[in-house]
Engineer: 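Please read through the structure below; I'll follow up with questions.
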Amino acid sequence: MIEKIGETFALCPKCLKTIRAKKIAEDDTVYLVKTCPDHGTWKVKIWKGVKHYKNLYDFAATPKIPEKFAVSSVKDCPHDCGLCNQHLQHSCVNVIEVTNRCNLNCPICFASSETCGYDFHPDIETIRGMFQTVVDFVNSPRCVQISGGEPTIRDDLPEIVKMAKSMGIEHIEINTNAIRIAKDLNYLRKLKEAGVDDFYMQFDGINDAIYLKTRGRSLLALKEQAIQNCKDIGIGITLVVTVSPDINLDHVGEIIRYAASKTPIVKGVHFQPISYFGRYPIEPTDKNRITLPELTDAIESQTDGMLKADNFLPTSCSNIHCDIKSLSIVLPDGSLFPLTTMALGPPKKTDNIADKTRTEISQFWRFIECSMDGGDMKESNDNSWKTFISRAKTHYLTVSAMAFQDAWTGEVERWKHCCIHVVTPDKRLIPFCLFNTTAENGATLYRDRIFHL
C-alpha cells in the first residue's frame, strides 16, 4: 500500500531546477518522489519507519523567524537564498570557510577541496567581513565553525580566531582533519590561547582500513596523537564520523566505546550519514544511503543496547527530520548511562528542547537519590551522590547525527528550517546543504559561483 504523506519542492539531480515533489510511505519507508520534465523521475529513500517519521512532527519547534534578512524577496526557492524572507528558522551555527586548500585529497569531500578547479584563500579583511555578517545578522550567543578545506594550513589562524573573538563571536570551533594539531603542539597551544573553544575532528573509525577508503591514507596514529595533544593542552573535541553503509556503518558501536574511553577530552561523537555532494566515490542509490533510524538501530545493536534508538531526540531547532542527539554519563567502567529518552514524549515547550533534557536529567537524579539507602553510601567515596554528580559534570558524552541533504534527497520543507549556515564573502547566510549541493555532473548550486572569485 502506498500512502501520500506530504508535498514539497525539490531539485532535479541533473539540472538543479526547482521541481515539485511528494513524500510517500511504502513498505515502512518514506520516499521522496519527483519528476523533472526534462530529465525524468526519481524515487529516493529518505527515512526508515513511517510511524516514527510521522511522530516526530510532535517535536517540531515553534519557528524562530530571523529578525533580519539579507535577501528581501525570492523568485525561486532554493535558488535565491541568503537568508531570504521565506526562511523559517534563525541561524544557530555559522560556518566560515577560510580556505579551500587542504593537506589531504580525500575520496569523500563535501567541498571537493584541492580538485575544484579554483583557489579560495581569502585575505584577513575578507574574513573580517564574513565575521561581521554573523555579527550583523545573528543574535548572541554566536557560534562559528571555522572550516575549509583544512583551516589549520593557515599559519595566521590564531590571529583569525583572535579577530573573531574581538568582534563578538562567543564560541569558535575548528573543523579539522587534525594532522597539524597532531604534529605541531606549539600551533595547537596558540590556537587555544587565541580563544578556540573546541575542535570538530574528522574521525571515521579506529582502524586504518577505513581511512584508506574515506581519506586515502592511514591516519589513525595521527588522530590519536591529536587527541593526546588536546588532552595535554586542555581543549575539548567532538569526533565527526562520515558514515557509509559500504565502509564503516558496522563500526559505529566501537567508535562510541572509543569516544567514551577518551572522556572528558572527547565530549561527543557526531555521525554524518554520507551525503552525495562535492566529491564522492560512487553514484548513489538507496543501498548506498543510511537514514537516521537505520543508524540508531545500528548503534543499539552494536552497543548491545547500552545506547538505544529510543535515547535519541530531535533537537527541534533544525527540521525535526534533520538531526538527533543523545546525552549520557560515562560511568567508571566505560559504560554509558543515557539521560535522554523518547519515552517521555515531546516537550511541552518544543521551542526549547533543552527544557526537556534538563527535566529528564532531574528525574534521573531524583531516582538515583531516592534509591540510595542513605548513611554510609552517601558518605562513600565510590558510590556517593556527591561523587556521581561530580563525575557527571565532566564525564559525559553526546552522541548525535545530522542527515545532510543532497540533490537527490533535498526538500524545501527542510531547507527552510535550516539553522546551520555557510557565511559567504558577499554577506549572505546559506543553508549548509544548499551551499554544497552538486548536480550529478558535479555542477554546484552555490559553492563555485560564490567562492570562484
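Hydrogens, waters and symmetry mates are skipped; everything else that's a heavy atom, side chains included, is used.
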Engineer: Is there a side-chain contact between Arg128 and Met163, using heavy atoms and a 4.5 Å cut-off?
Structural biologist: yes
Engineer: Indicate yes or no: at least one non-hydrogen side-chain atom of Lys64 is less than 4.5 angstrom from one of Gln89.
Structural biologist: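 Yes; the side chains approach each other to less than 4.5 Å.
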Engineer: Give the intermediate values and the outcome of salt bridge (charged side-chain N to carboxylate O under 4.0 Å, His left out) for residues Lys427 and Asp136.
Structural biologist: CA-CA 10 Å; Lys427 303 185 185 305; Asp136 291 344; over 6 Å; no
Engineer: Taking the six-membered ring for Trp, are His421 and Phe432 closer than 6.0 Å centroid to centroid?
Structural biologist: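 His421 vs Phe432: aromatic centres not under 6.0 Å.
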Engineer: Is the cationic atom of Lys223 (NZ for Lys, CZ for Arg) positioned less than 6.0 Å from the six-membered ring centroid of Phe203 and within 45 degrees of its normal?
Structural biologist: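 Judged by the rule (NZ or CZ under 6.0 Å from the ring centre, within 45° of its axis), Lys223 is not positioned above Phe203.
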Engineer: Between atom CZ of Phe131 and atom CD1 of Ile96, what is the distance when rounded to the nearest 0.5 Å?
Structural biologist: 4.5 Å
Engineer: Would you mind checking if Lys416 and Glu411 are paired as a salt bridge, meaning a charged N to carboxylate O distance below 4.0 Å?
Structural biologist: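 Salt bridge absent between Glu411 and Lys416.
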Engineer: Check whether any side-chain heavy atom of Pro245 sits under 4.5 Å from a side-chain heavy atom of Lys287, and report yes or no.
Structural biologist: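 A side-chain contact under 4.5 Å is absent here.
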Engineer: Ring of Tyr31, cation from Lys43 - is the NZ or CZ under 6.0 Å from the centre and inside 45° of the axis?
Structural biologist: yes
Engineer: Heavy-atom count check: over 12 atoms from other residues, nucleotides or ligands less than 6.0 Å from Glu67 CD?
Structural biologist: no
Engineer: Is the backbone N or O of Ala298 less than 3.5 Å from a side-chain atom of Ser301, with the two atoms forming a donor-acceptor pair by type?
Structural biologist: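 No; zero donor-acceptor contacts below 3.5 Å.
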Engineer: Would you sort out whether Arg279 and Asn105 count as a side-chain hydrogen bond (donor to acceptor under 3.5 Å, both in side chains), showing the intermediate values?
Structural biologist: CA-CA 10 Å; Arg279 184 168 60 243; Asn105 188 10; 3.2 Å; yes
Engineer: Taking His251 as the fixed residue, which of Ile206, Ile256, Val241, Asn207 is the one that meets the side-chain contact (heavy atoms from CB on, under 4.5 Å) rule?
Structural biologist: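 Of the listed residues Ile206, Ile256, Val241, Asn207, the side-chain contact (heavy atoms from CB on, under 4.5 Å) partner of His251 is Asn207.
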Engineer: Under a plain distance cut-off of 3.5 Å, with no hydrogens placed, do Ser275 and Asp406 share a side-chain donor-acceptor pair?
Structural biologist: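 No, no side-chain donor-acceptor contact under 3.5 Å.
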Engineer: Roughly how far, to the nearest 0.5 Å, is the CD atom of Gln405 from the SG atom of Cys418?
Structural biologist: 8.5 Å
Engineer: If every non-hydrogen atom of Ala182 is compared with every non-hydrogen atom of Asn229, which pair is closest and at what distance?
Structural biologist: O-ND2, 3.0 Å
Engineer: Could you give me the CA-CA distance, side-chain angles and deciding distance for Lys23 and Glu413, then say whether salt bridge (charged side-chain N to carboxylate O under 4.0 Å, His left out) is met?
Structural biologist: CA-CA 11 Å; Lys23 289 180 281 188; Glu413 177 183 329; 2.6 Å; yes
Engineer: Just verifying a value: how many Å separate Ser400 OG and Phe271 CZ, rounded to the nearest 0.5 Å?
Structural biologist: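 The CZ atom of Phe271 is 8.5 Å from OG of Ser400, to the nearest 0.5 Å.
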Engineer: Are Lys14 and Asn441 side-chain neighbours, meaning at least one heavy-atom pair lies under 4.5 Å?
Structural biologist: no
Engineer: Are any side-chain N or O atoms of Glu294 and backbone N or O atoms of Thr291, one a donor and one an acceptor, separated by less than 3.5 Å?
Structural biologist: yes
Engineer: Backbone N or O of His79 within a donor-acceptor pair of the Asp76 side chain at under 3.5 Å?
Structural biologist: no
Engineer: Give the minimum heavy-atom separation between Val412 and Cys77, together with the two atoms involved.
Structural biologist: CG1-SG, 3.9 Å
Engineer: Testing the basics here: between Pro338 and Met306, what is the closest heavy-atom pair and its distance to 0.1 Å?
Structural biologist: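 For Pro338 versus Met306, the nearest heavy atoms are CG-O, 3.5 Å.
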Engineer: What do the steps show when you test Glu150 against Thr176 for side chain to side chain contact (heavy atoms under 4.5 Å, CB included), and what is the final call?
Structural biologist: CA-CA 6 Å; Glu150 174 51 48; Thr176 181; 2.8 Å; yes
Engineer: From Thr303 OG1 over to Glu254 CD, what is the distance, rounded to the nearest 0.5 angstrom?
Structural biologist: 12.5 Å
Engineer: Between Asp304 and Arg257, does any NZ, NE, NH1 or NH2 come within less than 4.0 Å of an OD or OE carboxylate oxygen?
Structural biologist: yes
Engineer: So that I can tick it off, tell me whether Lys4 and Glu26 are bridged by a salt bridge, with the cut-off set at under 4.0 angstrom between side-chain N and carboxylate O.
Structural biologist: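 No, this pair does not count.
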Engineer: What's the shortest heavy-atom distance between Lys45 and Thr29, and which atoms?
Structural biologist: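 In this case the closest contact between Lys45 and Thr29 is CG-CG2, 3.6 Å.
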Engineer: Around atom NZ of Lys22, are there more than 12 heavy atoms from other residues, nucleotides or ligands closer than 6.0 Å?
Structural biologist: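 Counting other residues, nucleotides and ligands, NZ of Lys22 stays at 12 neighbours or fewer.
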Engineer: Answer yes if the side chains of Asn311 and Thr340 hold a donor-acceptor pair under 3.5 Å, and no otherwise.
Structural biologist: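 No - no donor-acceptor pair under 3.5 Å links their side chains.
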Engineer: More than 12 foreign heavy atoms under 6.0 Å from NZ of Lys325: is that the case here?
Structural biologist: no
Engineer: With a 3.5 Å cut-off and no angle check, do the side chains of His121 and Thr99 form a donor-acceptor pair?
Structural biologist: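 Per modelled atom types, His121 and Thr99 side chains form a pair under 3.5 Å.
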Engineer: Are the side chains of Pro107 and Tyr280 in touch, meaning some heavy atoms are under 4.5 Å apart?
Structural biologist: no
Engineer: Do the side chains of Phe435 and Thr424 get nearer than 4.5 Å, heavy atoms only?
Structural biologist: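 Yes, close enough: below the 4.5 Å cut-off.
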Engineer: Compute whether any side-chain donor of one residue and acceptor of the other, for Asn175 and Gln145, lie under 3.5 angstrom apart.
Structural biologist: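 Indeed, the side chains of Asn175 and Gln145 share at least one donor-acceptor pair under 3.5 Å.
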Engineer: Honestly, is Arg180 close enough over Tyr187, meaning NZ or CZ under 6.0 Å from the six-membered ring centre and within 45° of the axis?
Structural biologist: yes
Engineer: As a quick check of understanding, evaluate ring-ring contact (aromatic ring centres under 6.0 Å, His included) for Trp47 and His52, giving each step before the final call.
Structural biologist: CA-CA 9 Å; Trp47 201 266; His52 183 232; 5.7 Å; yes
Engineer: Looking at Ser244, is its backbone amide N or carbonyl O close enough to the side chain of Asn248 to form a donor-acceptor pair, meaning the two atoms are under 3.5 Å apart?
Structural biologist: yes
Engineer: Between Leu295 and Glu300, is any pair of side-chain heavy atoms under 4.5 Å apart?
Structural biologist: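 No, too far: nothing below the 4.5 Å cut-off.
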Engineer: Check whether Asp448 reaches the backbone of Thr444 with its side chain - one donor and one acceptor, N or O, closer than 3.5 Å.
Structural biologist: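 No; judged by distance alone, with no hydrogens or angles, the pair does not exist.
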Engineer: Nearest 0.5 Å please: distance from the CZ atom of Arg101 over to the CD1 atom of Ile153.
Structural biologist: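 The distance works out to 6.0 Å.
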Engineer: Hey, mind stepping through Thr315 and Ile324 against side chain to side chain contact (heavy atoms under 4.5 Å, CB included) and telling me if it holds?
Structural biologist: CA-CA 6 Å; Thr315 65; Ile324 50 175; over 6 Å; no
Engineer: Are any side-chain N or O atoms of Thr263 and backbone N or O atoms of Tyr396, one a donor and one an acceptor, separated by less than 3.5 Å?
Structural biologist: no
Engineer: Begin from the C-alpha positions of Leu327 and Val399 and carry the test side chain to side chain contact (heavy atoms under 4.5 Å, CB included) through to its verdict.
Structural biologist: CA-CA 7 Å; Leu327 174 64; Val399 180; over 6 Å; no
Engineer: Does Val50 offer a backbone N or O that forms a donor-acceptor pair with the side chain of Asp28 under 3.5 Å?
Structural biologist: yes
Engineer: Ser318 and Met402: which non-hydrogen atoms are nearest, and at how many Å?
Structural biologist: OG-CE, 4.5 Å
Engineer: So, the side chain of Asn94 versus the backbone of Val422: is there a donor-acceptor pair under 3.5 Å, distance only?
Structural biologist: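 Side chain of Asn94 to backbone of Val422: no pair is present.
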Engineer: Please step through side chain to side chain contact (heavy atoms under 4.5 Å, CB included) for the pair Leu445 and Asn436, ending with a clear verdict.
Structural biologist: CA-CA 7 Å; Leu445 190 65; Asn436 290 291; over 6 Å; no
Engineer: Less than 4.5 Å apart, side chain to side chain, heavy atoms only: is that true for Thr296 and Asp310?
Structural biologist: no
Engineer: Surrounding CD of Glu170 (heavy atoms of other residues, nucleotides or ligands, distance under 6.0 Å), is the total greater than 12?
Structural biologist: yes
Engineer: Give, for atom CG of Leu222 and atom CD of Gln225, the distance between the pair rounded to the nearest 0.5 Å.
Structural biologist: 8.0 Å
Engineer: Salt bridge (charged side-chain N to carboxylate O under 4.0 Å, His left out), that's the test. Do Lys267 and Asp198 meet it? Break it down for me.
Structural biologist: CA-CA 9 Å; Lys267 307 294 186 183; Asp198 63 83; over 6 Å; no
Engineer: Shortest non-hydrogen contact from His321 to Tyr53?
Structural biologist: NE2-O, 2.8 Å
